[in-house]
Amino acid sequence: VIKVYSEYVYRNRQMFGVLFVHRDITKEFEVDQMKSEFVSTVSHELRTPLASVLGFTELMLNKTLKEERQKKYLTTIYQEAQRLTSLINDFLDVQRMEAGKQTYDKKYQDILPLIKQVIEVQKIQTSKHEFDMISDQEHFTVMGDKDKLLQLFNNVISNAVKYSPDGGNVTVKVYQKEHAVYIDIQDEGIGIPSEALGQLFTKFYRVDNSDMRKIGGTGLGLAIVKEIVKAHGGDITVQSEWKKGTTFTVVLPLLYEVQYDEEMISTNDNRK
Ligand code: ADP
């Protein structure tokens, strides 16, 4: 984007020329665009849960309700307030990550219990989907930040549910290849058009079509996932078929013990 200024140049109060100044403002233009995208996403995404909180609170204040109904409304208010908190946390996370201020508290971490925990929470939230978890080992130990890994699995698995509105299976396969653990999260949902695949991990990006517009979101979840995966020395890839389903594959480096080969040790001994 080029901005052109023109200035008239005077000498002795007489104009004798025009000066044109060209300036490349691509970066400023992008930042402005990002800001307006941010403001519209934030206001739209925050407004929906806030409207529920206000609506149900008003109902409870103005009507005498049976205990059962009260509980139902309170549950909705609680869930929507939780949604607001997680939206705000996402915005803060992205900001911290961009400023390079995100910290990771890495410890020995078996990832299977974390994935199981995320699936259990999803099971409570949906009755339309079936979940399968397949793994060829009992433990997959990585050096990782527990909360951040939970956030990573939660974002990808909850997307698998969210973008499979008619239900279907969500299958999580965990297996080892060389010195890494692979986690495939496969759904039978609406899929992603091939031209969108390259942009999925860009913040605020959402596939723009009529199926997708009905489903709310900020376009931050996968940008956060990518940052977390990178911070753990891993990677994430995606394969998808429009209207058939999607598979995200997360790869994380495994911690492994050096296996001492007996033959190697005896050979070394012979050399002494
Ligand atoms: P959000 O879900 O808040 O829009 P994400 O960053 O998590 O943001 O995802 C970005 C976009 O990628 C989504 O808007 C959606 O278009 C697409 N997407 C992510 N996961 C899936 C999936 N499992 N199936 C189909 N589309 C998906």
Side-chain angles (χ1 to χ4, degrees), residues 34 37-50 79-80 82-98 102 115 118-119 121-122 125-126 128-133 148-173 182-231 235-250:
M34 206 120 84
E37 224 167 326
F38 179 79
V39 171
S40 77
T41 310
V42 173
S43 37
H44 178 264
E45 283 304 305
L46 297 186
R47 200 186 284 158
T48 323
L50 260 179
Q79 283 168 344
E80 294 298 288
Q82 264 184 333
R83 203 171 128 203
L84 278 172
T85 312
S86 86
L87 279 173
I88 291 165
N89 284 341
D90 275 359
F91 292 128
L92 292 176
D93 271 350
V94 168
Q95 215 180 25
R96 261 197 298 267
M97 284 166 178
E98 281 192 344
Q102 185 64 266
I115 298 172
V118 169
I119 292 178
V121 173
Q122 287 300 318
Q125 290 173 1
T126 170
K128 284 195 189 152
H129 301 80
E130 295 287 327
F131 294 87
D132 258 335
M133 183 166 149
K148 291 280 168 276
L149 290 174
L150 275 171
Q151 189 179 13
L152 147 65
F153 296 128
N154 181 58
N155 286 1
V156 185
I157 296 174
S158 64
N159 273 354
V161 173
K162 184 163 126 184
Y163 296 107
S164 310
D166 300 328
N169 288 324
V170 175
T171 310
V172 183
K173 278 187 211 151
Y182 284 63
I183 306 114
D184 291 345
I185 297 111
Q186 185 183 0
D187 67 54
E188 301 169 345
I190 59 179
I192 300 163
S194 55
E195 64 273 15
L197 291 174
Q199 301 171 75
L200 287 188
F201 301 99
T202 310
K203 67 176 184 180
F204 294 122
Y205 179 79
R206 306 199 72 220
V207 175
D208 188 18
N209 61 41
S210 56
D211 284 344
M212 213 63 98
R213 244 170 270 136
K214 287 179 229 146
I215 309 170
T218 56
L220 292 178
L222 288 179
I224 294 173
V225 162
K226 180 90 184 181
E227 281 290 329
I228 298 175
V229 167
K230 269 185 358 200
D235 199 6
I236 179 164
T237 53
V238 58
Q239 280 182 313
S240 187
E241 220 179 311
W242 181 230
K243 306 256 184 219
K244 290 249 170 80
T246 302
T247 303
F248 282 91
T249 302
V250 176

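A quick note: this is a predicted structure, and the numbers were derived from the prediction, not measured. In each ligand, atom 1 is the first atom listed, and ligand 1 is the first ligand listed.
Polar contact with ligand 1: absent for Ile192 (N/O pair, distance under 3.5 Å). Considering backbone and side-chain N/O of Ile190, none are found under 3.5 Å from N/O of ligand 1.
Contact annotation: Phe248 has at least one heavy atom less than 4.0 Å from an atom of ligand 1. Assignment of Asn155 to the shell around ligand 1 is not supported, since no heavy atom sits closer than 4.0 Å. Heavy atoms of Lys203 stay at 4.0 angstrom or farther from ligand 1. Under the 4.0 angstrom criterion for non-hydrogen atoms, Gly189 is not in contact with ligand 1.
Checking side-chain atoms of Lys226 against main-chain N and O of Thr202 turns up no donor-acceptor pair under 3.5 Å. Looking only at distances, a side-chain donor or acceptor of Glu45 sits under 3.5 Å from a matching main-chain atom of Gly217. In this structure, His129 contributes its side chain and Ser164 its backbone to a donor-acceptor pair below 3.5 Å. Listed for the Gln102 side chain is no donor-acceptor partner under 3.5 Å among the backbone atoms of Arg96. At least one donor-acceptor pair under 3.5 Å links the side chain of Ser240 to the backbone N or O of Gly245. No donor-acceptor pair closer than 3.5 Å links the side chain of Asp184 to the backbone N or O of Lys173.
Looking only at protein heavy atoms, the nearest one to atom 9 (O) of ligand 1 is Leu222 CD1, 3.6 Å. Taking atom 7 (O) of ligand 1 as the reference point, the nearest protein heavy-atom neighbour is Asn159 ND2, 2.8 Å. Distance from atom 3 (O) of ligand 1 to its nearest protein heavy atom, with residue and atom name: Thr218 N, 2.8 Å. Scanning the protein for heavy atoms near atom 4 (O) of ligand 1, the closest one is Arg206 NE, 2.5 Å. Among protein heavy atoms, the minimum distance from atom 23 (N) of ligand 1 is reached at Asp187 OD2, 2.9 Å. Here the protein heavy atom with the shortest distance to atom 12 (O) of ligand 1 is Leu200 CD2, 3.3 Å.
Each of the following atoms of ligand 1 lies closer than 4.0 Å to a heavy atom of Lys162: 1 (P), 2 (O), 3 (O). The distance from ligand 1 to the heavy atoms of Gly191 drops below 4.0 Å at these ligand atoms: 25 (C). Near Leu220, the atoms of ligand 1 lying under 4.0 angstrom from a non-hydrogen atom of the residue are 6 (O), 8 (O).
For Gln82, the CD atom sits in a packed shell: over 12 heavy atoms of surrounding residues, nucleotides or ligands are nearer than 6.0 Å. Crowding of Glu130 atom CD: a count of heavy atoms from other residues, nucleotides or ligands under 6.0 Å not exceeding 12.
Of the N and O atoms on the side chains of Gln151 and Asp93, at least one donor lies less than 3.5 Å from an acceptor on the other residue.
Of the candidates Tyr205, Tyr163, Trp242, Tyr163 brings a heavy atom nearest to atom 18 (N) of ligand 1.
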Set out, in order, the CA-CA distance, both residues' side-chain angles and the distance that settles side-chain contact (heavy atoms from CB on, under 4.5 Å) for Asn159 and Leu222, then state yes or no.
CA-CA 9 Å; Asn159 273 354; Leu222 288 179; 3.9 Å; yes

